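Naming: A, B, ... by sequence-line order, numbering from 1 per chain. Computed from a predicted model, the values in this text were never measured in an experiment. FYI, side chains are in, hydrogens and waters are out, and symmetry mates aren't considered; it's all heavy atoms of this structure.
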Amino acid sequence: MPPKVRVRFAPSPTGYLHIGGARTALFNWLFARHHHGTFILRIEDTDQQRSTDEALAAIIDGLKWLGIDWDEGPGVGGEYGPYNQMARLEIYQREAKRLLASEAVYKCFCTPEELEKMREKAREQKVAPRYDGRCRSLSPTEVAEREAKGDPFVLRFRVPSGTTTFEDMVRGPITFENVEIDDLIILRSDGTPTYNFSVSVDDETMKITHVIRGEDHISNTPKQILLLRAMGVEPPEYGHVSLIMGEDGARLSKRHGATAVGAYEDLGYLPEAMFNFLALLGWSPKDNREIMTWQEMVRDFDIQNVAGTAAIFNPKKLEWMNGMYIRALSDEELAERFAPFLIKAGLMTEGGIASHREWLIKLAHATKERLHLLTDIVPYSDFFFRDIESYPEKDVKKHWSKPAVVTHLTALADILKDCEPFEAQTIEARCHEYIEREGIKLGDLVHPARLALTGKTVGPGFYETVELLGRERCLSRLRKALVHTQGHKQ
RNA sequence: GUCCCCAUCGUCUAGUGGCCCAGGACUCCGGCCUUUCACGCCGGCAACAGGGGUUCGACUCCCCUUGGGGACGCCA
């Protein structure tokens with residue numbers, strides 16, 4: 001029986017959770033859940049300059065928002081911890097000492113300045129910038145002397161000759177000539193590990209079985225394989241998913257708009273829509289299904305079906321999908337979801353939300369099929385909360401210029417005055433009676449009336465709008481409109 | 001510069017040698033429904049990067065070219 005699947009998402013807490021990172025996390029999570037394995041969150045915080053607690057919190061919030069939970073890692077613990085690298089320093093140092101003893105690594109006394117000079121020169125000569133190996137064969141006495149002098153040194157990996165091949169789960173076999181690989185530093189002069197080393201040690205000590213990560217790590221893979229072999233262990237399986245690009249084909253970045261997952265939350269996206277959309281960026285169930293529950297995705301996910309092709313982030317489709325998910329919500333759920341946005345827009349208060357639950361559910365019902373984003377609730381409902389200041393000139397011209405408008409609005413006011421119960425259905429029935437009696441078209445009544453009641457020409461269904469507004473406000477807005485139309489004519 | 005990855009409609013993708021003069025979805029454009037806006041439904045535009053092979057037969061396999069992306073840090 002093969003060992004239980006263990007995968008990890010290993011962000012460095014140097015910024016927000018990026019769309020690309022979120023998808024990588026998602027694929028790992030899907031893979032783990034599909035195989036009934038373990039999903040681990042590991043924090044790669046060895047870059048002390050750039051790692052922050054805020055960034056860590058943002059990443060954790062982003063994952064939680066998306067519904068991605070982890071079985072081991074920050075907040076939940078686990079038997080292979082600690083799960084942040086700065087707390088694992090002794091482990092790396094112990095491992096480095098072992099590698100030093102086996103001569104797989106060596107001490108290098110080159111300074112950052114010297115190395116920069118080397119790279120500079122390489123750039124000028126247009127050759128691959130790389131370490132020239134000048135400390136590779138320092139004699140033990142030389143090493144001892146420089147150490148005695150107190151010269152700082154780093155530990156470098158003595159990359160063996162040959163070729164390194166691995167079977168990528170999404171791309172098939174990938175081969176590198178070892179001569180192309182630099183003698184990389186594994187331990188800095190301050191004793192902290194560098195990326196490739198800490199990753200290798202952690203993947204091994206945390207018993208990671210499959211590494212699913214971005215394409216930008218392909219060139220790191222042979223280094224990690226070689227390091228792992230030098231440590232005497234078998235590397236895990238690797239699968240590299242392509243990067244997510246912006247509309248112009250360049251790597252997705254700030255200038256393409258929001259790239260932080262948290263920004264999409266603020267924009268009114270539903271996490272389940274985001275989850276679904278991200279999963280489909282590179283993966284497909286092969287049978288034309290698109291809207292799927294996470295259970296279905298877990299059931300059908302297969303890393304081998306993930307495309308190696310770069311995917312361009314398509315905000316339009318995300319928006320469409322979000323609308324689909326909004327429509328699938330119950331009225332109660334939708335009301336709960338958009339309530340925070342009503343508060344944020346200053347239209348309602350916390351207390352108002354609590355005391356108008358039934359009303360909000362009706363609002364949800366009336367607006368549901370019109371929303372693409374939760375924030376869309378604002379333009380579709382702001383007139384319920386604010387008095388109408390003015391009527392757009394061109395709408396007035398279009399809907400209020402016929403003389404009969406005054407008659408119709410007056411009639412509507414009469415109808416609403418004693419319409420019982422004051423509900424969409426009865427209001428609709430009474431309005432129909434009226435238009436039939438008058439022999440007019442429904443639009444002759446509804447269009448001028450909508451403008452009077454909402455100050456707009458677009459909005460939720462007319463009768464529902466009337467009910468939601470309530471009798472008193474309808475009557476006063478009708479009066480105000482009547483004043484406006486008559487004043488206009490003089 | 002060197003190495004690595006990738007290449008089907010504008011975009012996300014299905015297609016693993018004949019089922020494909022290429023299917024679905026988003027976008028866009030028509031039409032229907034309709035009190036607006038939406039939703040929904042119906043229909044339309046739109047792709048195998050180019051060139052060589054292999055094969056009875058290539059979107060599918062191989063090579064080259066081109067194009068895009070990534071990597072080459074005491075960053076991760």
Is any side-chain N or O of [X] closer than 4.0 Å to OP1 or OP2 of [N]?
X      : N      : answer
A:R450 : B:rC37 : no
A:R130 : B:rA71 : no
A:R42  : B:rA76 : no
A:R213 : B:rA71 : no
A:H372 : B:rC39 : yes
A:S12  : B:rC75 : no
A:K286 : B:rG15 : yes

Take atom [atom1] of [X] and atom [atom2] of [N], then tell me their distance rounded to the nearest Å.
X      : N      : atom1 : atom2 : answer
A:F313 : B:rG10 : CZ    : P     : 21 Å
A:Y463 : B:rU34 : OH    : P     : 13 Å
A:H408 : B:rU35 : NE2   : P     : 16 Å
A:F109 : B:rC74 : CZ    : P     : 17 Å

Nearest listed nucleotide, side chain of [X], among [options]:
X      : options                : result
A:L243 : B:rC74, B:rU13, B:rG70 : B:rG70
A:N288 : B:rU36, B:rG23, B:rG69 : B:rG23
A:E369 : B:rC39, B:rA76, B:rU11 : B:rC39
A:E215 : B:rG69, B:rC75, B:rC12 : B:rG69

Taking [M] as the reference, what is the distance to [N] when you measure between their [atom1] atoms (whole Å, please)?
N      : M      : atom1 : answer
B:rG10 : B:rC3  : P     : 33 Å
B:rG68 : B:rU34 : C1'   : 47 Å
B:rU11 : B:rC28 : C1'   : 12 Å
B:rC75 : B:rU13 : C1'   : 34 Å
B:rG70 : B:rG31 : P     : 44 Å
B:rA22 : B:rG15 : C1'   : 8 Å
B:rU35 : B:rG44 : C1'   : 29 Å
B:rA7  : B:rG50 : P     : 15 Å

B:rC37 base to A:R370 side chain: any donor-acceptor pair below 3.5 Å?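 Between B:rC37 and A:R370, which were checked side chain against base, a qualifying N/O pair under 3.5 Å is present.
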
Is there a donor and acceptor pair closer than 3.5 Å between the side chain of A:S189 and the base of B:rC74?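 Flag set: donor-acceptor pair detected.
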
G-U wobble or Watson-Crick pairing nucleotide for B:rC26 (cut-off 3.5 Å, both distances):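 Per the H-bond distance test, B:rG10.
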
Any ion pair linking A:D216 and A:R251 (charged N to carboxylate O, less than 4.0 Å)?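 Yes, A:R251 and A:D216 are salt-bridged.
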
Do NZ/NE/NH1/NH2 and the carboxylate oxygens of A:E467 and A:K362 come within less than 4.0 Å?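 Salt bridge flag = yes for A:K362 with A:E467.
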
Counting distance only, does the side-chain N/O of A:N322 pair as donor-acceptor with the main-chain N or O of A:G268 below 3.5 Å?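 Yes: the side chain of A:N322 pairs with the backbone of A:G268.
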
For the ring pair A:W294 and A:F275, is the centre-to-centre distance below 6.0 Å?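 No.
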
Would you please indicate yes or no on a ring centroid separation below 6.0 angstrom for A:Y264 and A:F277?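 No.
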
Any base atoms under 4.0 Å from [X], or only sugar-phosphate, or nothing? Heavy atoms, all strands.
X      : value
A:L442 : base
A:T175 : sugar-phosphate
A:F176 : sugar-phosphate

A:H484 and A:Y391 aromatic ring geometry - parallel, tilted or perpendicular at 30°/60° bounds: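 It falls in the perpendicular class, over 60°.
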
